[in-house]
Amino acid sequence: MDEAVTDDQRAVLDATSQFISKHCAITHLRRRAHDTEEFRRTYWKQAAELGWFSMLVPEFLGGGSASENGVLDAALIANKLGSALQPGPFVGTNVVAFAVSAAGTDAQKEMLLADLISGEASAAWAVDCRSGGALEAGVWATPTDFGYELRGFKSLVQDTAWATTILVTASSPSGPRQFLLPIDAPGISIQTRRSLDLTRSFAQVAFDRVPARSSHLLTDAVPTADLMDRQLAIACTLTAAQSVGTTAADLDMTVQYAKDRTAFGRPIGSFQAVKHLLVDSSLSLELGKATVIAAAEALGSNDDTALQAASMAKAFVGDTSIDIVQNCTQVFGGIGLTWEHDQHLYVRRVTTDASLYGDAVWHRERLCQLAGV
Amino acid sequence: MAMASTDLDAFRREARTWIEANLERRTSRSAAVSAAEARTPEEIAQSRQLQRRLFDAGWAGISYPEDYGGRGLTEAHERVFNEESDQYLTPDFGAVGLVTFGPIGRSMLAHATPEFLQRHIPKMLAGEALWCQFYSEPEAGSDLAGIRTRATRDGDQWVIRGSKIWTTGAPNADYAMCLARTDWQATKHRGLTWFAVPMTAHGVSVRPIVLVDGNAGFCEETIDDVVVSDDDIIGRVNDGWSVAQTMLVYERRAGEGFSVAEPREIAPDLVSLARKANRLNDPIVRQAIARAHINDYAQHHLGKRLFAVLSTASSPNPAIAAYIKLAGGVLVPERVRLAMEIGGPDALAWDDDDSQGSQLAAEYLTGRIASIGGGTNEVQRNGIGERVLGLPREPSFDSRTPFADVVAASRNWNHRVG
């Protein structure tokens with residue numbers, strides 16, 4: 001996805017690749033190195049030094065991007081993370097950093113933003129996957145004398161063990177409200193579930209009469225639909241960018257296998273049945289890259305169709321990334337079905353990405369609605 | 001002639017000023033040029049006049065060399081002019097124009113002699129000479145190098161004999177760029193030569209082919225002992241395949257011209273179809289509309305992105321242009337099927353005065369042109385598989401023996417070869 005980037009973007013991406021291959025390659029992931037608190041803390045702080053969490057924050061708030069378009073920069077990084085199946089709440093942290101810098105109170109900007117950018121803090125972005133992108137679903141905020149009381153739960157919250165903060169969107173009698181809470185706030189309980197994806201973890205986060213003061217509200221004003229729409233659009237674009245990275249890495253591995261593996265006296269990649277399957281996968285991948293870059297460019301430049309573009313990228317990549325990794329499994333044959341082969345890690349990862357923050361069907365319907373159809 | 005401006009912004013201003021002062025605004029946005037859609041002789045005559053006006057003012061052949069009447073600037077300058085003139089009446093020769101100024105003009109520039117270029121390119125840029133390709137044959141489609149039209153030496157002349165098919169825009173063309181076999185004892189790719197043949201030459205006869213939708217856009221020709229000379233050769237004798245390679249690169253890139261503008265509105269044709277069929281609230285139809293629009297959008301951005309990669313990456317692989325052709329070859333047939341699904345019964349039968357119905361049917365029936373014409377999907381897949389992904393080739397049965405023997409052996413194929 002990064003064939004045509006600036007020198008500054010290239011520098012960030014190269015440093016990112018080196019960092020990952022040294023500290024968190026697939027061999028580390030298979031040993032579950034990231035299961036320790038110590039690993040996570042070190043990883044996150046070093047990652048922060050590479051600029052992973054500053055791209056969506058303007059310079060005057062302490063952030064800074066590699067190019068004029070921070071969303072594109074973040075998407076390029078996400079793409080690298082996806083290609084190496086990286087764990088950790090990269091999407092959540094960036095979405096929350098964006099939300100705080102766009103609409104947070106001065107206190108939030110002062111206290112949280114610097115920590116997010118420096119890797120001292122990280123954030124979970126709590127959504128309810130079952131309803132696609134209706135951010136407020138699942139949790140209710142009841143007004144009380146001191147602020148609000150939150151009840152309900154969010155499913156599929158990613159990598160809560162890494163997160164220090166959670167941004168939760170709840171319905172209230174006067175519309176959706178967003179709260180920034182410490183992830184260990186009283187009343188929040190986290191139940192990590194077994195998940196299809198083995199490289200990240202997913203939890204159900206329960207809110208049992210969690211007291212939230214007004215100071216926990218993301219913004220002094222009522223959160224606008226646009227603010228929440230943009231969070232979703234950024235989450236979708238970064239997730240699609242990760243999926244593109246994951247499928248690209250998987251397809252590279254598979255193409256190499258098709259060159260190396262011989263049958264009937266020739267490399268299997270010389271058979272058109274195999275070659276054409278790989279080319280069709282490669283075409284889908286190239287189309288996917290194009291939609292993700294277009295979405296990132298539209299979001300970063302506040303284009304009128306940016307929200308549509310993000311849903312288009314999420315829908316297109318959601319469908320095609322699963323097709324691609326399934327095709328890869330087919331080309332690997334039996335070996336691709338074994339535990340010791342990495343193939344299943346890629347299948348697990350992109351299948352999860354495809355559903356997170358709304359699946360392809362949901363985003364196609366959203367596209368129609370955004371377009372006024 | 002206007003001053004050469006190499007700076008794109010300055011060039012844009014200069015182009016805009018000239019365009020506003022000299023061209024007429026377009027009244028209705030004409031649809032993208034369909035390869036199967038021919039222009040009438042009147043439309044062609046009008047476009048020739050417009051082309052002449054552009055040529056005289058220095059706006060024809062913006063990326064063609066100055067020596068041959070062009071502007072000597074880059075393709076980026078040419079795109080700027082096209083963007084600026086998008087809402088204005090510009091020469092529209094239909095498919096024959098795309099072929100003339102794209103694959104034909106470009107491969108001539110790369111391979112023909114200066115004398116040849118001096119003779120032909122200025123006339124081309126001035127709109128006096130439109131060209132078509134005598135390339136595919138009834139027995140050579142995907143296997144383009146397998147052509148059988150022969151050019152035989154006769155003193156200091158050549159005599160061409162054979163038949164060609166799927167020629168775009170032949171009735172409007174003044175010349176054909178014709179591929180013929182000049183050495184039957186050489187291997188398939190080694191004995192080919194390109195010739196310039198006037199369409200009015202004695203022995204050339206053109207017959208239109210009526211396609212499934214009832215329209216005629218392509219032609220077939222017989223070439224019955226047409227006499228040409230060494231001066232008419234493009235590239236070197238028996239080296240025609242390298243010219244063909246250049247031509248194919250530009251042919252694939254011609255696809256870029258089809259979608260200049262980003263599709264910003266959600267599939268307007270399909271939305272109107274669904275509204276008419278009273279199915280705009282049907283979730284299945286909504287999914288189909290969104291799917292079509294997302295594919296349109298992805299296809300547009302694929303072209304844009306690959307063009308950026310080709311022009312900015314440190315060592316771009318020109319073979320990636322085939323993705324653009326394959327994307328159209330896969331997505332166009334899918335789109336016309338989605339349209340048929342959305343249209344439902346209205347797509348199967350319609351009233352006489354319902355142009356949408358007949359257009360839908362025509363698009364459905366000709367949708368496969370995208371996956372067959374100008375290189376089938378399968379040929380693109382081989383090209384991408386081998387030249388982009390680096391996968392090994394299939395075993396070949398025709399690359400090492402004289403082509404005359406290959407033809408004979410293919411008629412006696414038996415499955416125990418090898």
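Note that this is a predicted model, so its numbers are computed, not measured. Convention: sequence-line order gives letters A, B, ...; per-chain numbering from 1. Note that these values count all heavy atoms, side chains included, but never hydrogens, waters or copies made by symmetry.
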Counting heavy-atom pairs under 4.5 angstrom with chain B, the leader among A:Asp304, A:Thr291, A:Thr305 is A:Thr305
Rounded to the nearest 0.5 angstrom, the CD-CZ distance for A:Gln308 and B:Arg264 is 8.5 Å
Nearest heavy-atom contact between B:Tyr323 and A:Leu283 is O-CD1, 3.6 Å
**Message:** I'd like to check A:Arg364 versus B:Arg286 (side-chain heavy atoms, cut-off strictly below 4.5 Å). Are they in contact?
**Reply:** no
When rounded to the nearest 0.5 Å, the distance separating CG of A:Leu278 from CD1 of B:Ile384 is 12.0 Å
SG of A:Cys368 to CG of B:Leu280, rounded to nearest 0.5 Å, is 8.0 Å
Looking only at A:Leu367, A:Asp319, A:Val5, most heavy-atom pairs under 4.5 Å shared with chain B are made by A:Leu367
*asked:* How about CG on B:Asp282, more than 12 heavy atoms from neighbouring residues, nucleotides or ligands closer than 6.0 Å, or not?
replied: yes
Turns out that what part of A:Glu297 lies under 4.5 Å from chain B's heavy atoms comes down to side chain
Applying a strict 4.5 Å limit to non-hydrogen atoms, the region of A:Asp252 in contact with chain B is neither
Checklist entry - Going by heavy atoms in the side chains, are B:His301 and A:Lys289 under 4.5 Å from each other? => result no
Chain B shares the most heavy-atom pairs under 4.5 Å, among A:Leu251, A:Asp303, A:Val274, with A:Asp303
Turns out that what part of A:Ala294 lies under 4.5 Å from chain B's heavy atoms comes down to both
Whatever's closer than 4.5 Å to a heavy atom in chain A on B:Leu331 counts as side chain
So OG of A:Ser282 and CZ of B:Arg381: to nearest 0.5 Å the spacing works out to 11.5 Å
Bottom line for B:Glu265: the part with an atom under 4.5 Å from chain A's heavy atoms is neither
- Task: Would you indicate whether B:Tyr364, at its atom OH, is surrounded by more than 12 heavy atoms from other residues, nucleotides or ligands within a distance under 6.0 Å?
- Result: no
For A:Val361 and B:Gln287, the nearest pair of non-hydrogen atoms, with its separation, is O-NE2, 2.9 Å
Note to self: Take a 6.0 Å sphere around CD of A:Gln330 and say whether it holds more than 12 heavy atoms from other residues, nucleotides or ligands.
What the structure shows: no
Scanning both residues in full, the closest heavy-atom pair of A:Gly269 with B:Leu391 reads O-CB, 3.7 Å
message = Can you see whether B:Asn377 engages A:His276 through a side-chain donor-acceptor pair at a distance of less than 3.5 angstrom?
response = no
The interface call for B:Val388 against chain A, heavy-atom contacts under 4.5 Å, is neither
What one should report as the nearest heavy-atom pair of B:Ala308 and A:Ala4 is O-CB, 4.4 Å
When the 4.5 angstrom heavy-atom criterion is applied to A:Ile293 and chain B, the contacting part is side chain
CG of B:Leu326 to CD of A:Glu286, rounded to nearest 0.5 Å, is 11.5 Å
Check your understanding: Is there a side-chain contact between A:Arg266 and B:Pro392 (heavy atoms, below 4.5 Å)?
Key -> no
Okay, B:Leu389 and chain A: the region with an atom under 4.5 Å from a heavy atom over there is both
d(B:His293 NE2, A:Phe316 CZ) to nearest 0.5 Å is 13.0 Å
| Counting only heavy atoms not in A:Asp260, do more than 12 sit closer than 6.0 Å to its CG atom? | yes
When the 4.5 angstrom heavy-atom criterion is applied to B:Arg275 and chain A, the contacting part is neither
Requested in this report: Decide yes or no for B:Asn382 and A:Val279: does some side-chain heavy atom of the first lie under 4.5 Å from some side-chain heavy atom of the second?
Outcome: no
Closest non-hydrogen atoms of B:Arg393 and A:Lys275, given as atom of the first, atom of the second and distance, are CA-NZ, 3.8 Å
Turns out that what part of A:Ala309 lies under 4.5 Å from chain B's heavy atoms comes down to both
